[in-house]
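There's a structure below that I have some questions on.
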Number of protein chains: 2
Amino acid sequence: MAGGRPREFDVDEALDQAVRVFWQRGYEGAALSDLTEAMGINRPSLYAAFGNKESLFRKALDHYTDQKAVHVRDALDEPTARAAAERMLRGAVEVSTQPGCPAGCLSLQGGLAMGEDAVATRERLADWRRSGEAGLRDRFERAKADGDLPADVDAADLAKFVVLVAQGISVQAADGVDRERLHRMVDIALTSWPA
Amino acid sequence: MAGGRPREFDVDEALDQAVRVFWQRGYEGAALSDLTEAMGINRPSLYAAFGNKESLFRKALDHYTDQKAVHVRDALDEPTARAAAERMLRGAVEVSTQPGCPAGCLSLQGGLAMGEDAVATRERLADWRRSGEAGLRDRFERAKADGDLPADVDAADLAKFVVLVAQGISVQAADGVDRERLHRMVDIALTSWPA
DNA sequence: CAGGTTGTTGACCGTTCGGTACAGAATCGG
DNA sequence: CCGATTCTGTACCGAACGGTCAACAACCTG
């Protein structure tokens, strides 16, 4: 069938830059001119390849999930519930303080509160945050069945607490706290781990 | 000297509404038309009374500090360090889930990441968050001197951890978690309290 | 090389943004 | 009652926003 002029930019590299801009400026704070400049492409190229701004953010968030927030998935493979929690939290520290990336995590920097026209994006981010918690809760349920966690602990509460701490870490990182101090926060959080 | 036409609106009530709008929409997501509509005044009245948008946000944040975030100050008056921490966290839960107010707290809903032109406001919010931590740290230092806290605990780290949990609570509240569950999060966080 | 297809480019669209100018209305001191 | 002063309402400003049109360039198939 068809040929057509080949794309002059790499979609993944462009998404990398889009992630960076959204990460640093937030969804609403990231202007299209910021995005196109960072991605090194013109506006129509952006729209042809990624749709509109909301759709670009969706793709950037997926990209971020696969590339930066891998600890959210990988933590579930740890042999114990405690190791899973620790990997989750250490991963949050590392991602939130990665050199060359904006401080904090995209899921919070993207935006908690937004204008009326961005409600869908706000809800998408909230869902993203909740999804990490769901995986952890299932993992902790399994740990209870395995006897890895005491039967009287509430897996849902524990998962929520771990995610809550991870989010606190991201906020602190956004406010400029360095890696070592954040790892000490993880130490403190984990001292409450159920025996 | 002077007389002048009297103001037809109450400044504090207008600030109440401004706080609500910024709280729900964030600094950038709150359009001036949203603000004037909620405050029940016209644009020139807003500018005459509060200056520009950034200045209005500053005043709204002060208003919020005095009226909603009182637990941040009051916690320091508690007799023990642990009671201070608990009051801080319980207060965060209450404020973040207050009926009739947006979920979460203004210091995070206001915005973590912003566009280039709002850097000053972003930094102001970050300073606000840090200031609460500073008060708590001083309180914990005093507790160490009093023997209320063990000598080997790091007051700065402990204060940072408490604030970190409070911020996590606000994020969770923004994502729709209810009061009881958040109070259980406080329970978990406090099990790591130094003996 | 011709025709179809797809990407790039630059100029441009309507809308909304934060912020103001100006005229009228309400109060003061004299 | 009068001038000075301050607030209110409408209408408006330039700039920036997200999004698109139309001409051109680069590739495919035949």
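All values derive from a computational prediction rather than experimental measurement.
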Salt-bridge contact A:Arg90-A:Asp187 (side-chain N to carboxylate O under 4.0 Å): yes
Mind checking the OG1-CZ spacing from B:Thr121 to B:Phe22? Nearest 0.5 Å is all I need. 8.5 Å
Provide, to the nearest angstrom, the distance between the CG atom belonging to A:Asn42 and the P atom belonging to D:dA25. 15 Å
Could you give the CD-to-P distance, from B:Glu8 to D:dC7, as a whole number of Å? 11 Å
Separation of C:dC17 P from B:Asp117 CG (nearest whole Å): 14 Å
What is the distance, to the nearest angstrom, from the CD1 atom on A:Ile41 to the P atom on D:dA25? 21 Å
Between C:dA23 (P) and B:Arg5 (CZ): distance, integer Å: 17 Å
Please tell me if A:Ser45 has a side-chain N or O lying less than 4.0 Å from either OP1 or OP2 of C:dT8. yes
With a sphere of 6.0 Å drawn around CD of B:Glu37, does it hold more than 12 non-hydrogen atoms of other residues, nucleotides or ligands? no
Going by atom types alone, do B:Arg43 and B:Thr36 pair a side-chain donor with an acceptor below 3.5 Å? no
Single-linkage hydrophobic cluster B:Val165~B:Val171, side-chain heavy atoms < 4.5 angstrom: no
Separation of B:Glu28 atom CD from D:dA16 atom P, in whole Å? 15 Å
With a 4.0 Å limit, can you tell me whether A:Ser33 has a side-chain N or O closer than that to the phosphate oxygens OP1/OP2 of D:dA16? no
Report which part of the nucleic acid A:Ala30 touches: base, sugar-phosphate, or nothing (heavy-atom distance under 4.0 Å, all strands). sugar-phosphate
Specify the separation, in whole Å, of atom CZ of B:Phe50 and atom P of D:dT8. 10 Å
Which is more 5' along DNA chain C, the nucleotide nearest B:Ala31 or the one nearest A:Gly40? Just name the residue. A:Gly40
When you get a sec, tell me which of D:dC17, C:dG19, C:dT8 is the closest nucleotide to the side chain of A:Arg7? C:dT8
Minimum-distance nucleotide (side-chain atoms of B:Tyr47 versus C:dT6, C:dG19, D:dC21): C:dG19
For the base of D:dG9, is there a side-chain donor-acceptor partner from B:Arg43 under 3.5 Å away? no
Mind calculating the distance between CG (A:Leu32) and P (C:dC13) to the nearest angstrom? 18 Å
The answer to which of B:Pro6 and A:Pro44 contacts DNA chain C further toward the 5' end, by nearest nucleotide, is A:Pro44
